[in-house]
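Notes for the one structure printed next.
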Number of protein chains: 2
Amino acid sequence: MARFRQIDRGGPLPDLIAAQIMAQLRSGELREGDALPTETALAGMLGVSRNVVREAIARLRSDGVIDTRQGRGAVIRPLSERATFRIDTAALGSIENLVDLFELRGLLEIDAAGIAARRRSDTDLAAMEAAIDAMAGASEFDELQLEADARFHRSLGQATRNGYLSTIIDYLSSRLKETTRATGRVYTRDDLIDVTIGEHRRVFDAVKSGDAEAARAAMAGHIRGAAARLGVPLP
Amino acid sequence: MARFRQIDRGGPLPDLIAAQIMAQLRSGELREGDALPTETALAGMLGVSRNVVREAIARLRSDGVIDTRQGRGAVIRPLSERATFRIDTAALGSIENLVDLFELRGLLEIDAAGIAARRRSDTDLAAMEAAIDAMAGASEFDELQLEADARFHRSLGQATRNGYLSTIIDYLSSRLKETTRATGRVYTRDDLIDVTIGEHRRVFDAVKSGDAEAARAAMAGHIRGAAARLGVPLP
DNA sequence: GGCGGGGAATTTGTCCAACAATCCCATAAA
DNA sequence: TTTATGGGATTGTTGGACAAATTCCCCGCC
């Protein structure tokens with residue numbers, strides 16, 4: 001049976017407990033179908049109150065990791081039934097994971113560009129163009145330009161008319177931005193002014209003209225360029 | 001200020017509360033930067049104990065929806081900082097959402113097929129072929145064949161050597177399977193025996209030969225075929 | 001011996017009360 | 001004006017209690 005170590009207060013207790021259980025799951029110490037110890041037992045093992053354990057359990061349940069029923073206990077659900085897709089920020093410390101995430105985002109953005117070229121409305125085009133203008137108009141390389149950049153990509157996502165596609169792109173982008181910022185990978189001013197805006201405009205022109213293949217190619221170029229500027233080695 | 005209605009016991013209380021807050025977020029009643037009422041106040045308004053409210057709050061926090069700090073309260077974080085990508089099963093009741101999800105899964109599988117054609121190892125090929133054989137060998141159209149089908153797609157995902165890509169494909173597939181099963185959309189036996197196995201084998205052959213474009217085309221054909229057989233109208 | 005019923009034990013769900021830790025802000029002091 | 005400082009507000013954690021649902025065993029009955 002899986003062991004449960006005493007917890008060291010290094011943050012909210014429920015988070016630590018949930019993380020510990022997830023770790024035991026990954027390591028195979030706990031497996032699909034296994035029953036968790038009772039809440040009271042866990043509380044005793046971990047040296048915390050039952051309420052704290054309950055919050056951790058509740059979180060795992062809401063993620064679809066476990067299934068709890070009154071009187072029966074908590075059992076681990078099949079991995080395929082997880083209710084959420086979650087990217088662990090800590091895992092992005094490794095360059096391999098960062099590359100993988102970058103690749104995934106790139107694939108989706110390229111697909112999105114192709115679809116947007118076919119479905120975009122005039123409103124979408126206006127939003128994208130406004131974002132490009134904001135990038136070009138900003139006097140300095142600052143947070144405003146980064147925001148305009150994000151706004152361009154979000155507008156393009158919305159132009160696909162596929163809520164899931166645009167949502168997942170937003171999600172991946174935000175995770176990526178967070179880590180690139182954390183690891184000190186930043187654009188220089190010249191990069192953005194001279195190159196990035198041009199790349200965005202090429203994507204925009206292709207989407208506007210309705211040429212899906214050109215839009216995909218332009219976006220692929222943009223992604224490759226962004227990766228190169230950030231020093232992320234794409235395969 | 002947002003109102004909080006009394007809750008009617010129709011399931012675990014914390015789930016209902018979290019759902020209510022998420023609904024207020026979607027409707028715009030609560031917006032980025034807004035502060036939630038205090039836990040005690042919420043407990044009073046909802047007619048439940050503070051403990052229950054805490055579990056709901058904890059769930060929202062772990063999803064990155066809100067940010068809580070001791071002594072300060074809970075505020076709603078920017079939408080871009082959500083920590084999870086979650087597909088609400090209830091939302092898939094609408095055909096539009098189902099189509100969107102199907103399209104997204106298709107895009108990713110097609111990309112994955114192309115990448116797998118370039119990176120697959122002999123082990124990957126063996127796993128994929130074993131899955132196809134299991135499909136062909138099964139005497140009846142039953143759960144075993146569906147499992148073999150899923151195993152083929154999972155093997156293909158793993159052949160991309162991109163953990164995020166294969167994970168998200170798995171996740172989307174499981175959500176999709178759950179809803180197609182729930183809505184009574186099922187394959188008939190002839191479909192699977194005569195057509196589906198052939199589609200899978202075409203994908204496999206292309207991946208084995210290392211032809212990325214052929215693999216993409218074969219997977220696109222498979223996705224279109226699957227959608228047609230399920231009655232999902234792809235754009 | 002097998003079978004069904006009933007009750008006890010187990011376990012999660014909910015509630016309540018209290019204290020600790022932290023933050024915010026107003027007030028007072030330099 | 002700026003800096004302490006104190007108190008109120010709010011989340012974090014604890015402990016205990018009871019309700020509701022499930023499981024399991026034991027007992028009586030056939």
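Just so it is clear, the model here is predicted, and its values are computed rather than measured. Residue numbering restarts at 1 for every chain, and letters A, B, ... go by the order of the sequence lines.
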Roughly how many Å is it from [atom1] in [X] to [atom2] in [N], rounded to a whole number?
| X | N | atom1 | atom2 | value |
| --- | --- | --- | --- | --- |
| A/Asn51 | C/dT12 | CG | P | 14 Å |
| B/Leu13 | D/dA20 | CG | C1' | 13 Å |
| B/Glu39 | C/dA20 | CD | C1' | 15 Å |
| B/Ile66 | D/dT11 | CD1 | P | 10 Å |
| A/Gln70 | C/dT14 | CD | P | 7 Å |
| B/Asp67 | D/dT10 | CG | C1' | 14 Å |
| B/Leu46 | C/dC15 | CG | C1' | 15 Å |
| A/Ile57 | C/dT14 | CD1 | P | 14 Å |

Is there a side-chain polar atom (N or O) of [X] under 4.0 Å from OP1 or OP2 of [N]?
| X | N | value |
| --- | --- | --- |
| A/Arg54 | C/dG13 | yes |
| B/Thr68 | D/dG12 | yes |
| B/Arg72 | C/dA21 | no |

Is [X] salt-bridged to [Y], cutoff N-O under 4.0 Å?
| X | Y | result |
| --- | --- | --- |
| B/Glu109 | B/Arg105 | yes |
| A/Arg161 | A/Asp124 | yes |
| B/Asp15 | B/Arg59 | yes |

Item to check | Rounded distance (nearest 0.5 Å) linking atom CZ of B/Arg54 with atom OG1 of B/Thr40 | outcome: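 Interatomic distance, B/Arg54 CZ to B/Thr40 OG1, rounded to 0.5 Å: 10.0 Å.
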Next on the checklist: Please report the interatomic distance OG1(B/Thr167) to CZ(A/Arg82), rounded to the nearest 0.5 Å.
Outcome noted: 10.0 Å
Checklist entry - For DNA chain D, whose closest nucleotide is more 5', that of B/Gly73 or that of A/Gly71? => result B/Gly73
Next on the checklist: By nearest heavy atom, map A/Ala74 and B/Val52 onto DNA chain C; which one lands nearer the 5' end?
Outcome noted: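 Per heavy-atom nearest nucleotide, the more 5' residue is A/Ala74.
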Checklist entry - At under 4.0 Å between heavy atoms, what does B/Arg50 touch on the DNA or RNA strands: base, sugar-phosphate, or nothing? => result base
Checklist outcome for this item: Among the nucleotides C/dC16, C/dC24, D/dG12, whichever has the atom closest to the side chain of B/Arg69 is C/dC24
